[in-house]
Trainee: 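Structure incoming, see below.
Everything numeric here is computed off the predicted structure, so don't read it as measured data.
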Amino acid sequence: MPSSFDVGNLAKPRNSVYDSLAPFGPRVPVAVHARDPISREGVLSVFKDDSRIELCDEVSPGGVVLHVDHTFGRTALTQLRRAVGEDRAQAVLVVEMLQDEDLYEIASHGISAVVWRHEATPSRLTQAVLAAARGDGDLPADLLGRLIRQMGTKSPNAAVGNSSYPAQRLTPREVDVMRLVAEGFGTVDIAAKLCYSERTIKDIIHKLTTRLNLRNRAHAVAYALREGYI
């Protein structure tokens, strides 16, 4: 059955390395949630023959939950927040549109990747899921720009989502990493550009987000921009 998301001749994602990845270690457990059965079946058909992905009915710790909807409502937020917080999963959201007031919710509640429905080709969905599983995150460039502008209107304490956390300085190495994250590069590319190991890059981002009480990479980028580091 052809995917209901394959809208034809779209340009390939800029970071096409995900399309050529060989299976990496254990398969990534992926649970698919959708408001309508046609959307869900379309996504399942994309992943059913992919040796890197294991489709599951329930969210698995360390796995990925992919939620498909037209808009980002309370139901989607509640489900994804539970998956990230209680189930320790990564969250991918596929939507047609987002309101500006949704952007901070996405960054602050740990949603790792967002895909526009009109761009949700099989390769794009796979890219987002694998990026989330690796901890890289994946946001459309236009969405990241909107998030940055919105976060720029908040105070530094609001940017980290907790007024008890004062603004703290980023190290030069953290700034270099955040600059490349903001440009859309994943862990592998950042490690290559900065001549570090992938584990080092992940450690830098983990320590930064933990120290500043940030939810994910998008939240960290918004903070770095708000504070004038990049």
Trainee: Check the side chains of Gln90 and Ser112 for a donor-acceptor pair under 3.5 angstrom, ignoring hydrogens and angles.
Mentor: yes

Trainee: Begin from the C-alpha positions of Ile205 and Val181 and carry the test side-chain contact (heavy atoms from CB on, under 4.5 Å) through to its verdict.
Mentor: CA-CA 10 Å; Ile205 295 173; Val181 172; 4.3 Å; yes

Trainee: Test side-chain contact (heavy atoms from CB on, under 4.5 Å) on Val95 and Thr71 and set out the steps.
Mentor: CA-CA 6 Å; Val95 288; Thr71 58; over 6 Å; no

Trainee: For a quick test of reading the model, state the closest non-hydrogen atom pair linking Ala83 to Val59 and the distance between them.
Mentor: CB-CG1, 4.2 Å

Trainee: Will you find, in the side chains of Ser45 and Arg40, an N or O donor that is under 3.5 Å from an N or O acceptor?
Mentor: no

Trainee: Only counting residues at least two apart or in another chain, list the ones meeting side-chain hydrogen bond (donor to acceptor under 3.5 Å, both in side chains) with Thr200.
Mentor: Ser197

Trainee: Is there a donor in the side chain of His118 and an acceptor in the side chain of Glu96, or the other way round, less than 3.5 Å apart?
Mentor: no

Trainee: Quick one: pull up CG in Leu208 and NE2 in His206 and give me the separation to the nearest 0.5 Å.
Mentor: 10.5 Å

Trainee: Quick one: closest heavy-atom pair of Ala131 and Asp138, and the distance?
Mentor: CB-CB, 4.1 Å

Trainee: In the single-linkage hydrophobic clustering (I, L, V, M, F, W, Y; side-chain heavy atoms under 4.5 Å), do Val221 and Leu180 co-cluster?
Mentor: yes

Trainee: If you apply the rule side-chain contact (heavy atoms from CB on, under 4.5 Å), what do you find for Ile190 with Leu194, and how did you get there?
Mentor: CA-CA 6 Å; Ile190 295 173; Leu194 298 181; 3.9 Å; yes

Trainee: CG/Asp69 to CG/Leu93 distance, rounded to the nearest 0.5 angstrom?
Mentor: 8.0 Å

Trainee: Testing the 3.5 Å rule here: is there a donor-acceptor pair between the side chains of Ser39 and Arg117?
Mentor: yes

Trainee: As an exercise, state the distance from CH2 of Trp116 to CG of Leu143, rounded to the nearest 0.5 Å.
Mentor: 5.0 Å

Trainee: So does Arg35 have more than 12 non-hydrogen atoms from other groups sitting under 6.0 Å from CZ?
Mentor: no

Trainee: Give me the atom names and distance for the closest heavy-atom approach of Met178 to Ala220.
Mentor: SD-CB, 3.6 Å

Trainee: Hey, any chance Val65 and Leu98 share a hydrophobic cluster, counting ILVMFWY side chains that come within less than 4.5 Å of each other, even indirectly?
Mentor: yes

Trainee: Tell me whether Val32 shares a hydrophobic cluster with Ile53, the cluster being built from Ile, Leu, Val, Met, Phe, Trp, Tyr side chains joined at under 4.5 Å.
Mentor: yes

Trainee: Roughly how far apart are Leu77 CG and Ile111 CD1, rounded to 0.5 Å?
Mentor: 6.5 Å

Trainee: Could you pull out the closest heavy-atom pair between Val175 and Tyr229, with the gap in Å?
Mentor: CG1-O, 3.6 Å

Trainee: Test your reading of the model: is there a side-chain donor-acceptor pair from Tyr223 to the backbone of Leu214, 3.5 Å cut-off?
Mentor: no

Trainee: For Tyr196 and Arg173, which heavy atoms make the closest approach, and how far apart are they?
Mentor: OH-CD, 3.2 Å

Trainee: Would one find more than 12 heavy atoms of other residues, nucleotides or ligands at under 6.0 Å from atom NE2 of His70?
Mentor: yes

Trainee: Please say which of Arg199, Arg217, Lys202 ends up in a side chain to side chain donor-acceptor pair (under 3.5 Å) with Thr187.
Mentor: Arg217

Trainee: Under the criterion side-chain contact (heavy atoms from CB on, under 4.5 Å), I'd like the reasoning laid out for His67 against His33: C-alpha separation, chi angles, the key distance, then a yes or no.
Mentor: CA-CA 5 Å; His67 184 93; His33 297 166; 3.7 Å; yes

Trainee: State which residue, out of Arg179, Lys207, Arg211, fulfils the salt bridge (Lys or Arg N to Asp or Glu O under 4.0 Å) condition with Glu174.
Mentor: Arg211

Trainee: Can you tell me how far CZ of Phe72 sits from CD of Gln99, rounded to the nearest 0.5 angstrom?
Mentor: 12.0 Å

Trainee: Enter the distance from Leu66:CG to Leu55:CG here, rounded to the nearest 0.5 Å.
Mentor: 10.0 Å

Trainee: Out of Val115, Val46, Val94, which one pairs with Arg124 under the side-chain contact (heavy atoms from CB on, under 4.5 Å) rule?
Mentor: Val115

Trainee: Do Val84 and Leu212 sit in one hydrophobic cluster, given that two such residues count as connected whenever their side-chain heavy atoms are within less than 4.5 Å of each other, even indirectly?
Mentor: no

Trainee: Can you find a heavy atom in the side chain of Val30 that is under 4.5 Å from one in the side chain of Cys56?
Mentor: no

